[in-house]
2 protein chains.
Amino acid sequence: MKTDMRVFKTKDALRKALMHLLEQKSLNSISVTELCQLAKVNRGTFYAHYGQVENLFEEYFKTIMKDLADSYQEPYKHVQHLLSRNVNPSTIRIFHHIEKYETFYRIVFSKTVPLSYYYLLFDHVQNLIKTDVSEHYLNGIDIDISMVSAYQANAILGLAIEWHRQDFKQSAEEMNRLLVRILSI
Amino acid sequence: MKTDMRVFKTKDALRKALMHLLEQKSLNSISVTELCQLAKVNRGTFYAHYGQVENLFEEYFKTIMKDLADSYQEPYKHVQHLLSRNVNPSTIRIFHHIEKYETFYRIVFSKTVPLSYYYLLFDHVQNLIKTDVSEHYLNGIDIDISMVSAYQANAILGLAIEWHRQDFKQSAEEMNRLLVRILSI
DNA sequence: ATATTTAATGAACAAGTGTACAATAAAATT
DNA sequence: AATTTTATTGTACACTTGTTCATTAAATAT
């Protein structure tokens with residue numbers, strides 16, 4: 001069964017209103033009332049689809065995460081030299097991905113948002129690393145793959161956090177080079 | 001100037017009420033109203049000290065962070081063999097610290113809390129690592145110490161996140177051994 | 001084209017939020 | 001011990017939240 005056009009319209013209006021509001025104020029300060037007024041959607045309708053503003057944001061989040069997964073499909077051309085260490089070389093496409101959606105990631109990394117967004121990001125990176133690690137590096141080694149991938153995924157995200165703190169002043173390319181250097185220490 | 005006894009009493013009552021409520025429900029579901037009713041403190045008084053329930057929690061958070069810093073002063077007896085890699089061996093006292101305050105960290109790592117708590121934890125670990133890294137490992141190497149420490153601090157926290165996900169089923173001692181193994185891969 | 005299904009609306013509700021201010025009570029100061 | 005200072009209280013206000021339900025309107029199915 002296809003989606004009702006009315007549902008599509010309301011969801012679209014709400015998403016656009018949210019994006020508009022996020023350019024002015026932080027996610028947690030956006031009330032359901034003002035969102036619905038801007039989107040010209042009845043407040044009751046909002047509650048029929050989402051319980052809170054955060055749920056609406058998460059829907060957008062998932063489309064961004066899809067791009068992140070897709071970016072891993074890209075050829076590994078720039079990062080061959082990383083294969084020497086046990087981190088998936090494609091991992092570092094993440095910096096380009098973050099750069100591409102900088103506005104979005106300024107929200108995801110902002111203090112006030114719930115930890116759940118970070119976890120969603122963490123999940124994606126961890127899974128991408130998990131696949132690679134289990135295939136290439138841990139043959140015959142008896143160790144919890146979830147732990148190894150959690151370690152490596154979050155290390156990368158640590159750089160992303162610091163990058164955000166430094167107001168994304170470095171380019172994605174610089175961040176890649178930085179990662180290579182850290183891995184070689 | 002010393003603190004007014006009235007202020008101490010109200011803050012104490014609020015802190016105790018919060019701790020009591022946190023054993024039953026999640027932080028973000030605790031309303032100012034019910035907290036004040038339990039603490040027998042006027043709602044207006046709450047707002048005179050804290051703007052929201054989260055601010056009260058953060059005050060408690062800081063006392064826990066103090067314990068984390070203190071735990072780093074402990075002798076490095078169990079972790080000498082970690083010195084071979086560029087991670088502060090004292091770092092792994094963190095697992096014992098988390099184990100000690102498990103109830104508390106179940107909140108800090110829960111999805112619904114703001115990312116700011118994670119950042120406060122991250123900050124502490126990063127600073128502890130930063131000091132050590134700059135002193136022992138990066139002599140003459142030109143690299144952003146904040147980035148290196150962010151990478152290493154968050155890697156450790158990645159293990160903590162995964163530990164939380166697996167419901168803290170491992171002991172702190174096991175987590176230490178796991179870290180040693182990961183570093184040796 | 002008409003009938004049927006279902007989403008959106010508007011109104012109304014109790015409850016929580018954040019703020020303000022005069023009255024009160026409990027500390028600190030003299 | 002009396003006075004001054006200041007934290008707490010009680011009350012009130014406009015506003016947001018989350019929910020319900022009958023009514024309206026738009027999309028899908030016949």
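Small disclaimer: the values here were computed from a predicted structure and weren't measured. Numbered from 1 within each chain, the chains take letters A, B, ... in sequence-line order.
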What is the distance from [atom1] of [X] to [atom2] of [N], rounded to the nearest Å?
X       : N      : atom1 : atom2 : value
B/Tyr50 : D/dA7  : OH    : C1'   : 14 Å
B/Glu54 : C/dT17 : CD    : C1'   : 13 Å
A/Met5  : C/dA8  : CE    : C1'   : 15 Å
B/Lys9  : C/dA25 : NZ    : C1'   : 12 Å
A/Leu14 : C/dA8  : CG    : C1'   : 12 Å
A/Leu21 : D/dT16 : CG    : C1'   : 15 Å
B/His49 : D/dT6  : NE2   : P     : 14 Å

For each nucleotide in nucleotides 17-22 of chain D, reading 5' to 3', give B when a protein heavy atom comes within less than 4.0 Å of its base, S when such contact involves only the sugar-phosphate, and - otherwise.
BBB---
Quick one: does A/Asp167's side chain have a donor or acceptor within less than 3.5 Å of a partner on A/Lys169's backbone?
no
Looking at A/Phe57, is its backbone amide N or carbonyl O close enough to the side chain of A/Arg15 to form a donor-acceptor pair, meaning the two atoms are under 3.5 Å apart?
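Not confirmed, A/Arg15 side chain does not pair with A/Phe57 backbone.
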Using a heavy-atom cut-off of under 4.0 Å over every strand shown, decide if B/Lys11 touches base, sugar-phosphate, or nothing.
nothing
For A/Arg165 and B/Gln126, which I'm curious about, is there any donor-acceptor pair between the side chains at under 3.5 Å?
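Distance-only check passes for A/Arg165 and B/Gln126.
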Do B/Asn154 and B/Tyr118 get their side chains close enough for a donor-acceptor pair, meaning under 3.5 Å?
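Judged by distance alone, the side chains do pair up.
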Below 30° counts as parallel, above 60° as perpendicular, anything between as tilted: where do the rings of B/His164 and B/Phe168 land?
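Rings of B/His164 and B/Phe168: perpendicular, over 60°.
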After noting the C-alpha distance and the side-chain angles of A/Glu54 and A/Asn28, does the key distance pass the side-chain hydrogen bond (donor to acceptor under 3.5 Å, both in side chains) rule?
CA-CA 8 Å; A/Glu54 280 76 13; A/Asn28 65 323; over 6 Å; no
Spacing of CD belonging to A/Gln166 relative to CE belonging to B/Met147, to within rounding of 0.5 Å
4.0 Å
Give, for atom CD1 of A/Ile64 and atom OH of A/Tyr101, the distance between the pair rounded to the nearest 0.5 Å.
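Those atoms lie 5.0 Å apart.
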A/Asp4 side chain, from C-beta outward: closest of D/dA27, D/dT8, C/dA27
D/dA27
Between D/dT9, C/dA8, C/dA27, which one does the side chain of B/Asn42 approach most closely?
D/dT9
Walk me through whether A/Tyr50 and A/Glu59 qualify under side-chain hydrogen bond (donor to acceptor under 3.5 Å, both in side chains).
CA-CA 10 Å; A/Tyr50 312 96; A/Glu59 213 172 59; 2.7 Å; yes
Hey, is the side chain of B/Thr45 poking within less than 4.0 Å of OP1 or OP2 on D/dA7, counting only N and O atoms?
no
Degree of bending in the helix from C/dA1-D/dT30 to C/dT30-D/dA1 once both end axes are built from five pairs, to 10°
30°
Check: A/Arg6 side chain, D/dA26 base, donor-acceptor under 3.5 Å:
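Yes, the side chain and the base share a sub-3.5 Å donor-acceptor pair.
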